[in-house]
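Report on the following structure.
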Amino acid sequence: MFKNKTIWITGASSGIGEALAYAFAQHGARLILSARNVDKLAKVKEQCLQYGGEAIVQPLDLSDFDRIPQKINPILEMYPKIDILVNNGGISQRGLVQETKLEVTKRILDVNFLGQVAMTKAVLPTMLSHKLGHIVVISSVVGKFGTPRRSSYSASKHALHGFFDALRAELVDDNIKVTLICPGYIRTNISYNALNPNGDKHAQLDPGQAAGMSAEKFAKKVLKVIKKQKREAYIGGAKEIFGIYLKRFFPGFFARFIARTKVT
Ligand SMILES: NC(=O)c1ccc[n+]([C@@H]2O[C@H](COP(=O)([O-])OP(=O)(O)OC[C@H]3O[C@@H](n4cnc5c(N)ncnc54)[C@H](OP(=O)(O)O)[C@@H]3O)[C@@H](O)[C@H]2O)c1
């Protein structure tokens, strides 16, 4: 199903995006790999070729969203039919609201929300012209509930749900699918790259991430979700996923529970 499909992945230089690139490449996909770190992207590209896929690199800073159309239009001229866009690039947070600088909140929203929106708006016209496409959004379980020390990160992921649920409804007659995926703890560099209250890197592998699902296992599950064209999927450890249902069915209990939970 992914053979010769053109798949654009943001955040492809590391973690989940990298693992997704390899999983698609193993199925013979044609990949466009984006992120800021060009050296890492080049290595991911090489590995994709080894796995039997095709791959090109398009460096992109999601926070520079005004320039996204200008960056991606030359690629769209080369590959006018984008079958799947995976909006994955993102940064997390470690810090209480009262100590976190507003500019940190803005940076997280710029990358995690506006960057993904800009990317989608730039790719959407070509999907509409072909009446075909699939937009995959990597949200988080904290896109479904808020936890302490992740206020801005949770807000950015909640915003994705509002935006992409609305887009899915708008596209109902256009044969373009929208899938939101909420990972629990996945073992990547996310906590290392998370921003502290001053905007510096947290620079630690947190216990939650260390004990999380491997990115490779997560990627395999994502491909299944895409095949099934699900609207929304939760992938991760039972405890994190349970939180989503706890909030949905017992919101008062969940509010007390999350306030007492020690989130690293
Ligand atoms: N790991 C988890 O437990 C977990 C849980 C829930 C949700 N998620 C979500 O999964 C996605 C991938 O995270 P990960 O776990 O794979 O973390 P990661 O290893 O830190 O990877 C993050 C990716 O995002 C890219 N990125 C960050 N800032 C960017 C920017 N300004 N412009 C373009 N690309 C940027 C990074 O590339 P460059 O630095 O090269 O730009 C990197 O490729 C994120 O959206 C994250 O919120 C992860």
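In listed order, ligands and their atoms are each counted from 1.
Side chain of H27 to backbone of K5: no donor-acceptor contact under 3.5 angstrom is found.
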Give the intermediate values and the outcome of salt bridge (charged side-chain N to carboxylate O under 4.0 Å, His left out) for residues K106 and D110. CA-CA 6 Å; K106 187 175 174 302; D110 280 356; 3.1 Å; yes
Would R94 and D206 count as a salt bridge (charged side-chain N to carboxylate O under 4.0 Å, His left out) if you check the C-alpha gap in whole Å, the side-chain angles of each, and the deciding distance to 0.1 Å? CA-CA 10 Å; R94 298 294 183 271; D206 283 348; 2.6 Å; yes
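With sequence neighbours excluded, no residue satisfies side-chain hydrogen bond (donor to acceptor under 3.5 Å, both in side chains) with R231. Applying the side chain to side chain contact (heavy atoms under 4.5 Å, CB included) test to S129 and every residue at least two apart in sequence or in another chain returns T126.
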When you pair each N or O of ligand 1 with protein N or O atoms, which pairs come out under 3.5 Å?
| unit_1 | atom_1 | unit_2 | atom_2 | d |
| --- | --- | --- | --- | --- |
| ligand 1 | 1 (N) | I186 | O | 3.1 |
| ligand 1 | 1 (N) | T188 | OG1 | 3.1 |
| ligand 1 | 3 (O) | G184 | O | 3.3 |
| ligand 1 | 3 (O) | I186 | N | 2.8 |
| ligand 1 | 3 (O) | I186 | O | 3.3 |
| ligand 1 | 3 (O) | Q209 | NE2 | 2.7 |
| ligand 1 | 15 (O) | T188 | OG1 | 2.6 |
| ligand 1 | 16 (O) | I16 | N | 2.8 |
| ligand 1 | 19 (O) | S14 | OG | 2.5 |
| ligand 1 | 20 (O) | N193 | ND2 | 2.9 |
| ligand 1 | 24 (O) | G90 | N | 3.3 |
| ligand 1 | 28 (N) | R36 | NH2 | 3.3 |
| ligand 1 | 31 (N) | D61 | OD1 | 2.9 |
| ligand 1 | 32 (N) | L62 | N | 2.7 |
| ligand 1 | 37 (O) | S13 | OG | 2.9 |
| ligand 1 | 39 (O) | R36 | NH2 | 2.9 |
| ligand 1 | 40 (O) | S13 | OG | 2.9 |
| ligand 1 | 40 (O) | R36 | N | 3.3 |
| ligand 1 | 40 (O) | N37 | N | 2.9 |
| ligand 1 | 41 (O) | R36 | N | 2.8 |
| ligand 1 | 41 (O) | R36 | NE | 2.7 |
| ligand 1 | 41 (O) | R36 | NH2 | 3.4 |
| ligand 1 | 43 (O) | G11 | O | 3.0 |
| ligand 1 | 43 (O) | S13 | N | 3.4 |
| ligand 1 | 43 (O) | S13 | OG | 2.8 |
| ligand 1 | 45 (O) | N88 | O | 2.7 |
| ligand 1 | 45 (O) | K157 | NZ | 3.0 |
| ligand 1 | 47 (O) | Y153 | OH | 2.5 |
| ligand 1 | 47 (O) | K157 | NZ | 3.0 |

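Listed by first and then second residue, the side chain to side chain donor-acceptor pair (under 3.5 Å) pairs involving residues 133-149 are H134-T179, S139-H161, K144-E232 (not counting sequence neighbours).
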